[in-house]
Amino acid sequence: MLSSSCDILSWFSKRDLAVRIGVFCSGGDAPGMNACVRSVVRSATAAGHEVVGINRGYQGLIDQNFFLNAKQQPIMGARDVSNIIQRGGTILRSARCQRFMTDEGVRTAAENLRQHKIDALVPIGGNGTFRGSAELVKHWDGQVVGCPGTIDNDLIGTDFTIGFSTAVETAVDAIDKLRDTAESHERLFLVEVMGRHSGYLALYTALAAGAEIACVPETPTEIPGIVAHLSQLQQTGKKSIIVVVAEGDEEGGALMLAEKLQRAECTFATRTVILGHVQRGGSPSPDDRMLATRLGDFAVKSIGAGATGVMAGEVNSQCVLTPFEKTFTEHKQLPQALIDLLECMSN
Ligand SMILES: Nc1ncnc2c1ncn2[C@@H]1O[C@H](COP(=O)(O)OP(=O)(O)O)[C@@H](O)[C@H]1O
Ligand SMILES: O=P(O)(O)OC[C@H]1O[C@](O)(COP(=O)(O)O)[C@@H](O)[C@@H]1O
């Protein structure tokens, strides 16, 4: 990992030539992807580059499905990204593309990039997207600098991913509402949040919503221990309980956990809520807009400086570049201090 943005820009030899940059969104959509597209376009046009928007991620690259502006030209100018910073989803649409996971798919995409004289790409997505980008650079000699767009916050090389802050806000807002019923009816709510392989969303949501427990894939979920803790809380006068469950928890999602708690004779009346895709939608938070704007610009500047095969991220408020390989071969650990903090709050 390179440290500061200054280090990185001086690391690569400066190149001031105008380039044609392709931008696309891939994998699960995340609030702030539009803000990132806008930033890439505005930063690139300010530097004299040209931007081509690619619809539907790698699928669009294979199908040559380009964003067309009002004049039906395959170019994204500064005005084409007006009024999107506040919009959730992505105007370029996103997709999961099976064909790109084959050698033939990657070669076709590379050939299309050559044919359309695209010099560089900014994929906005998660670790699957960057795994795909790592394959692409083996077959294409253009530059690829990605931006982390996923609500899961499961990427090494950035403290936070674009979309995470908004998803936490959405989940916390939902729990604040559920808490009314939990208190009125003296119930336990198991609230399932997204995160196939990561407990970041569950842990942050639990802390910010004042939940008692977070069940995450990174730490063992011990049913007898949870039941004992809950009954202890009940004895001290607790009337309602919120347990946040990451969908990827090793004991199963919230439904499975509810069954297991019941079998273990948990005394609380229990209800289960699966938040699902509402967590992926909505207007991005200011934090996500800021992060998306900084990283989109940094990705373009890094391309200008000659970088490739890397993801733009922000660590300790510094822009950094991390090789794609690291983003999908290494698991981003949950901060132990936050796990301990939740336990400390739950008494
Ligand atoms: N091993 C791979 N080889 C080539 N492409 C891949 C690979 N893994 C993922 N991709 C591409 O990246 C896309 C997005 O990945 P996915 O895991 O669904 O989302 P995310 O990027 O948000 O993690 C996939 O649909 C596929 O097209
Ligand atoms: O929208 P889908 O295809 O059901 O995917 C659901 C998955 O997408 C996510 O929301 C985001 O994951 P990715 O960023 O890896 O695409 C996961 O938390 C969830 O498991």
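Atoms within each ligand, like the ligands themselves, are counted from 1 in listed order. Starting from 1, each residue takes its place in the sequence as its number. Only a predicted model underlies this, so the values are computations on that prediction, with no experimental measurement involved.
- Side chains of Leu121 and Ile54 form a contact here, defined as non-hydrogen atoms less than 4.5 Å apart.
- For Gln279, no heavy-atom contact with ligand 2 is shorter than 4.0 Å.
- Hydrophobic clustering, with ILVMFWY side chains joined whenever heavy atoms are under 4.5 angstrom apart, groups Ile91 together with Val51.
- Gly195 counts as a contact of ligand 2, since one of its heavy atoms falls under 4.0 Å from the ligand.
- Placement of Val37 and Phe66 in two distinct hydrophobic clusters is found when ILVMFWY residues are connected by side-chain heavy-atom separations under 4.5 Å, directly or transitively.
- Ranking protein heavy atoms by distance to atom 14 (O) of ligand 2, first place goes to Thr150 OG1, 2.7 Å.
- Of all protein heavy atoms, the one lying nearest to atom 4 (O) of ligand 2 is His277 NE2, 3.2 Å.
- The protein residues lying under 4.0 angstrom from ligand 1, judged by non-hydrogen atoms, are Ser26, Gly27, Gly28, Tyr58, Arg96, Cys97, Phe100, Met101, Gly126, Asn127, Gly128, Thr129, Arg131, Gly132, Glu135.
- For the pair Asn127 and ligand 2, the shortest N or O to N or O distance does not fall below 3.5 Å.
- Side-chain contact between Leu201 and Gln279 is present, with at least one heavy-atom pair separated by less than 4.5 Å.
- When only non-hydrogen protein atoms are considered, atom 8 (O) of ligand 2 lies nearest to Arg280 NH1, 2.9 Å.
- Set against the non-hydrogen atoms of Gly28, the atoms of ligand 2 under 4.0 Å away are 16 (O).
- Atom CD1 of residue Ile124 and atom CZ of residue Phe24 lie 9.0 Å apart, to the nearest 0.5 angstrom.
- In this structure, CG in Asp173 is found 12.0 Å from OG1 in Thr166, a value given to the nearest 0.5 Å.
- The protein non-hydrogen atom at the shortest distance from atom 5 (O) of ligand 2 is Arg96 NH2, 2.9 Å.
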Set out, in order, the CA-CA distance, both residues' side-chain angles and the distance that settles side chain to side chain contact (heavy atoms under 4.5 Å, CB included) for Leu155 and Met311, then state yes or no. CA-CA 10 Å; Leu155 289 167; Met311 181 195 82; 4.1 Å; yes

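- For Arg280, the CZ atom counts as densely surrounded, since its 6.0 Å shell holds more than 12 non-hydrogen atoms of other residues, nucleotides or ligands.
- Taking a cut-off of under 4.0 Å to the non-hydrogen atoms of Glu247, the atoms of ligand 2 that pass are 17 (C), 18 (O), 19 (C), 20 (O).
- The closest protein non-hydrogen atom to atom 13 (P) of ligand 2 is Arg196 NH2, 3.5 Å.
- Shortest contact from atom 18 (O) of ligand 2 to any protein heavy atom: Asp152 OD1, 2.7 Å.
- Each of Val40, Ile85, Ile162 was compared with Thr293 under the side-chain contact (heavy atoms from CB on, under 4.5 Å) criterion, and only Ile85 meets it.
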Given Thr129 and Cys25, is the side chain to side chain contact (heavy atoms under 4.5 Å, CB included) satisfied, shown in steps? CA-CA 9 Å; Thr129 297; Cys25 299; over 6 Å; no

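- For the pair Gly126 and ligand 2, no heavy-atom separation below 4.0 Å is found.
- With values rounded to the nearest 0.5 angstrom, Asn127 atom CG is found 10.5 Å from Ile156 atom CD1.
- Put simply, Val244 and Val227 are part of two different groups of oily side chains (I, L, V, M, F, W, Y) that touch within less than 4.5 Å, one to the next.
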